[in-house]
Amino acid sequence: MKIFLDTAELSEISRLNETGLVDGVTTNPSLIAKSGRNILEAIADIAAVVSGPVSAEVTATDYETMLAEGRKLAAIADNIAVKVPLTPAGLRVCHSLSRDQIMVNVTLCFSAAQALLAAKAGARFISPFVGRLDDLGADGMGLISDIVDIYANYDFATEVLVASARGPQHIVDAALLGADVVTLPPKVLDQMYQHPLTDKGLDAFLQDWAATGQSIL
Ligand code: G3P
C-alpha cells in the first residue's frame with residue numbers, strides 16, 4: 001500500500017519524508033490556502049522534496065480553463081498529478097490530460113458510479129472521501145470495497161486512493177480491502193506508530209538493560 005501525505009506544509013512533508021515511508025503527496029485548494037503560499041511555488045517545492053506523485057488541484061470549473069490550469073500545473077515537474085473534481089467537465093479534462101500521458105487524480109468522489117466513470121476517463125488515481133461519508137453516517141469503507149471490486153472486475157488501471165482518512169483504523173480498513181493508496185494528514189501517520197504496550201515494553205527493556213551496566217558501543 002502506498003502512503004501519501006495530505007498536506008501542503010513543506011516542513012511536515014520534509015520531516016516525514018525522512019522516514020522513507022512517504023510515497024507521494026496530495027494537496028487541494030483548502031490545503032494550499034492553509035499553507036499561505038503561492039500554489040505554483042508550493043507545489044514546485046513539494047515536488048522537489050518528494051519523488052512520488054504530487055497532486056495539485058485545478059480551481060476552475062469549466063473545461064477550457066481547467067485544461068489550461070492542468071497543463072500549467074503538470075509543467076511544474078514530472079511527478080505532478082493534476083487533480084480534477086468529479087464533474088462532467090472534470091472528467092473531460094481527465095480524458096484529455098490522460099491521453100497526453102499526464103497523471104490525473106480525480107477527487108471529490110462519493111459514489112461507485114462516479115468512480116466507474118473516472119476509471120473510464122483514464123484517471124491514474126480516484127480519490128473517494130471516506131471521512132466525509134462517515135461524517136454523514138454513510139459507509140465510507142463500503143464505498144472503497146465496491147470500487148475495489150468494480151475495478152478488479154474490469155482490470156481498470158486506476159489506483160484507488162483513499163482520501164479524507166481520519167485515523168489509523170481508516171488506514172487498516174483500506175489495507176484490508178486492498179486499496180492501492182491512502183492519503184493521510186501528518187498527524188495520522190504519527191498516530192500509526194503509537195501503541196502504549198510498545199512504550200511500556202521498551203521502558204522495561206531499557207531498565208533491565210541499564211541494570212547490566214553493559215554498553216554495545
Ligand atoms: O484529500 C482530501 C482531504 O484533504 C479531505 O479531507 O478531512 O477535509 O475530509 P477532509
Side-chain angles (χ1 to χ4, degrees), residues 1-13 15-17 21-37 39 42-43 45-47 49-50 52-61 66 69-70 73-74 79-87 90-91 93-94 103-112 114-115 118-119 123-144 147-148 158-175 177 179-192:
M1 172 181 257
K2 298 171 194 168
I3 290 178
F4 289 4
L5 290 178
D6 193 42
T7 182
E9 301 296 335
L10 192 61
S11 59
E12 285 290 82
I13 293 167
R15 172 175 72 89
L16 289 170
N17 194 47
L21 301 177
V22 174
D23 301 301
V25 172
T26 55
T27 70
N28 60 44
S30 299
L31 293 172
I32 293 293
K34 185 178 177 184
S35 76
R37 297 196 63 197
I39 183 172
I43 295 299
D45 288 346
I46 295 168
V49 169
V50 175
V54 174
S55 289
E57 188 163 341
V58 299
T59 57
T61 54
M66 276 197 279
E69 288 181 340
L73 291 171
N79 56 329
I80 299 298
V82 176
K83 242 187 184 182
V84 299
L86 213 153
T87 62
L91 291 193
V93 171
C94 176
M103 284 192 287
V104 179
N105 178 356
V106 176
T107 190
L108 289 168
C109 173
F110 295 95
S111 77
Q114 288 179 321
R124 172 71 180 272
F125 303 105
I126 182 66
S127 292
F129 282 31
V130 296
R132 294 191 187 183
L133 283 168
D134 291 353
D135 292 345
L136 297 178
D139 183 3
M141 279 303 154
L143 173 59
I144 301 302
I147 296 172
V148 168
T158 303
E159 295 184 49
V160 180
L161 192 167
V162 176
S164 186
R166 298 284 168 71
Q169 192 57 49
H170 271 156
I171 311 331
V172 171
D173 291 344
L177 290 171
D180 302 284
V181 189
V182 63
T183 193
L184 43 74
K187 70 175 181 180
V188 174
L189 181 51
D190 290 331
Q191 289 167 354
M192 288 177 71

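Counting starts at 1 for both ligands and their atoms, following the listed order.
Within ligand 1, the atoms closer than 4.0 Å to a non-hydrogen atom of Lys83 are 1 (O), numbered from 1 in the order shown. Heavy-atom contacts of Arg166 reach the following atoms of ligand 1: 7 (O), 9 (O), 10 (P) (cutoff under 4.0 Å). Annotation for ligand 1: atoms under 4.0 Å from non-hydrogen atoms of Arg132 are 5 (C), 8 (O), 9 (O), 10 (P). Less than 4.0 angstrom separates some heavy atom of Phe129 from each of these atoms of ligand 1: 2 (C), 5 (C).
Considering Val182, Leu184, Leu31 as possible partners of Asp6, the one that fulfils the side chain to side chain contact (heavy atoms under 4.5 Å, CB included) test is Leu31.
Looking from atom 6 (O) of ligand 1 to the surrounding protein, the closest heavy atom is Ser164 CA, 3.6 Å. Given atom 4 (O) of ligand 1, the protein heavy atom at minimum distance is Asp6 OD2, 2.5 Å.
Proximity of Asn28 to ligand 1, defined as any heavy-atom pair under 4.0 Å, is confined to the side chain (atoms from C-beta onward).
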Next item on the list: Start with the C-alpha gap between Lys2 and Glu159, add the side-chain angles, then the distance that decides, and say whether salt bridge (Lys or Arg N to Asp or Glu O under 4.0 Å) holds.
Entry: CA-CA 10 Å; Lys2 298 171 194 168; Glu159 295 184 49; 2.7 Å; yes
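Asp190 has a carboxylate O that lies under 4.0 Å from a charged side-chain N of Arg15, or vice versa, which qualifies the two as a salt bridge.
Put simply, the side chain of Asp134 gets close to the backbone of Gly140: a donor and an acceptor are under 3.5 Å apart.
Under the 3.5 Å distance criterion, with hydrogens and angles disregarded, no donor-acceptor pair is assigned to the side chains of Thr26 and Ser55. Side-chain contact of Thr27 with Glu57: a donor-acceptor pair under 3.5 Å is absent, judged by distance alone.
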